[in-house]
Peer 1: 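Shown below is the structure under consideration.
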Amino acid sequence: MSNASSPHGPQNPYSAPLEHKPMTAGQDSQTQQWALILHLSQFAGYAIPLLGLIAPIVIWQIKKNELPSLDAHGRVVANWMISEFIYFLLTLALCLVVVGFFLLPVLAILSIVFPIVGAVKASQGEVWKYPGSIPFFRV
């Protein structure tokens, strides 16, 4: 075993298994399904402006009491949305010195890729912390 801290091998520093609290198989399946929806709900903003900000927070707040393991996913998504907004403002400011024009497409790509990876990991029962996300809410 290459990693003494894990019997399953090296751990991805951006993912962590869901906290295992006593729950039925149905609850675990529901948590994975709602976590997947939570991550992908960020794309709702492409259809209706601001819905990509509102939908994940509403899902998180409504479902976190029913499915306690969903709380970690909600925190990860909220951290990313706040971080993404800050990065967007910084990138806009950097457009004044031309660098921002190169960073805007990078941020746009990350805003598509990260929720997809988060959703895939959620469907596998993992909480994936988006790289570069500022931890406003501790996971």
Side-chain angles (χ1 to χ4, degrees):
M1 313 234 167
S2 62
N3 188 350
S5 66
S6 172
H8 304 291
Q11 291 289 321
N12 181 345
Y14 297 109
S15 65
L18 287 172
E19 295 175 5
H20 291 290
K21 297 180 180 171
M23 65 172 82
T24 65
Q27 284 179 318
D28 194 39
S29 168
Q30 264 193 324
T31 298
Q32 290 176 358
Q33 181 181 12
W34 278 106
L36 177 118
I37 292 167
L38 178 69
H39 286 278
L40 294 180
S41 68
Q42 296 176 72
F43 294 128
Y46 293 121
I48 299 172
L50 297 178
L51 191 59
L53 297 172
I54 297 168
I57 293 179
V58 169
I59 292 169
W60 172 34
Q61 292 303 311
I62 290 175
K63 289 293 188 177
K64 73 178 181 179
N65 293 330
E66 181 183 332
L67 304 166
S69 297
L70 189 67
D71 187 42
H73 291 279
R75 291 171 185 265
V76 166
V77 170
N79 284 339
W80 171 246
M81 290 188 316
I82 295 167
S83 299
E84 182 181 24
F85 181 70
I86 291 169
Y87 294 148
F88 177 71
L89 293 178
L90 291 172
T91 303
L92 282 181
L94 288 172
C95 284
L96 297 173
V97 291
V98 182
V99 175
F101 292 111
F102 297 104
L103 295 176
L104 276 174
V106 172
L107 186 59
I109 291 168
L110 294 178
S111 70
I112 294 170
V113 171
F114 283 178
I116 293 171
V117 173
V120 170
K121 292 288 188 178
S123 71
Q124 297 168 351
E126 296 179 38
V127 177
W128 186 69
K129 297 177 185 175
Y130 295 23
S133 183
I134 303 166
F136 296 101
F137 303 101
R138 298 282 176 203
V139 179

Peer 1: Looking at residues at least two apart in the chain, or sitting in another chain, which of them share a salt bridge (charged side-chain N to carboxylate O under 4.0 Å, His left out) with K63?
Peer 2: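 Counting only residues at least two positions away or on another chain, K63 forms a salt bridge (charged side-chain N to carboxylate O under 4.0 Å, His left out) with E66.
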Peer 1: Given the rule that I, L, V, M, F, W and Y join up when any side-chain heavy atoms are under 4.5 Å apart, are L70 and I62 in one cluster?
Peer 2: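 Yes, it is one cluster - the side chains of L70 and I62 are joined through contacts under 4.5 Å.
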Peer 1: CG of L89 to CD of E84: how many Å apart, nearest 0.5 Å?
Peer 2: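 It is 11.0 Å, given to the nearest 0.5 Å.
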Peer 1: Does a side-chain heavy-atom distance below 4.5 Å link W80 with V76?
Peer 2: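 Counting from C-beta outward, W80 and V76 never come under 4.5 Å.
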Peer 1: Side-chain donor-acceptor contacts of residues 33-45 below 3.5 Å, not counting sequence neighbours, with atom names and distances?
Peer 2:
{"residue": "H39", "atom": "ND1", "partner": "Y130", "partner atom": "OH", "Å": "2.7"}
{"residue": "H39", "atom": "NE2", "partner": "H73", "partner atom": "ND1", "Å": "3.1"}
{"residue": "S41", "atom": "OG", "partner": "L38", "partner atom": "O", "Å": "2.7"}
{"residue": "Q42", "atom": "NE2", "partner": "H39", "partner atom": "O", "Å": "3.1"}
{"residue": "Q42", "atom": "NE2", "partner": "Y130", "partner atom": "OH", "Å": "3.1"}

Peer 1: First locate atom CD of Q32, then atom NZ of K121, and finally report the distance between them rounded to the nearest 0.5 Å.
Peer 2: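 Here the interatomic distance stands at 13.0 Å.
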Peer 1: Identify all side-chain donor-acceptor contacts of residues 96-106 below 3.5 Å with residues at least two apart in sequence or on another chain.
Peer 2:
none

Peer 1: Is there any side chain to side chain donor-acceptor pair (under 3.5 Å) pair reaching into residues 88-98, and which pairs are they, with sequence neighbours excluded?
Peer 2: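 Qualifying pairs: none.
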Peer 1: Indicate, with yes or no, if V120 and V139 share a hydrophobic cluster defined by side-chain heavy-atom contacts under 4.5 Å among Ile, Leu, Val, Met, Phe, Trp and Tyr.
Peer 2: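 No, no single cluster joins them.
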Peer 1: How far does CH2 of W128 sit from OG of S133, to the nearest 0.5 angstrom?
Peer 2: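 Interatomic distance, W128 CH2 to S133 OG, rounded to 0.5 Å: 9.5 Å.
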Peer 1: Spell out, yes or no, whether V113 and V77 are grouped together once hydrophobic residues are joined by side-chain heavy atoms under 4.5 Å, including indirect joins.
Peer 2: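 Shared cluster, yes.
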Peer 1: Could you pull out all donor-acceptor pairs under 3.5 Å where a side-chain atom in residues 49-60 meets a protein atom, sequence neighbours excluded?
Peer 2:
{"residue": "W60", "atom": "NE1", "partner": "D71", "partner atom": "O", "Å": "3.4"}
{"residue": "W60", "atom": "NE1", "partner": "D71", "partner atom": "OD1", "Å": "2.8"}

Peer 1: Can you list every pair that meets salt bridge (charged side-chain N to carboxylate O under 4.0 Å, His left out) and has a residue in residues 92-106, with sequence neighbours left out?
Peer 2: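 Salt bridge (charged side-chain N to carboxylate O under 4.0 Å, His left out) check on residues 92-106 returns no pairs.
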Peer 1: Of all the heavy-atom pairs spanning S83 and I134, show the shortest one and how long it is.
Peer 2: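 Taking S83 first and I134 second, the nearest heavy atoms are OG-N, 2.7 Å.
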Peer 1: Any link between L110 and I112 through a network of hydrophobic side chains (Ile, Leu, Val, Met, Phe, Trp, Tyr) touching at under 4.5 Å?
Peer 2: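 Looking at the clustering, I112 is in a separate group from L110.
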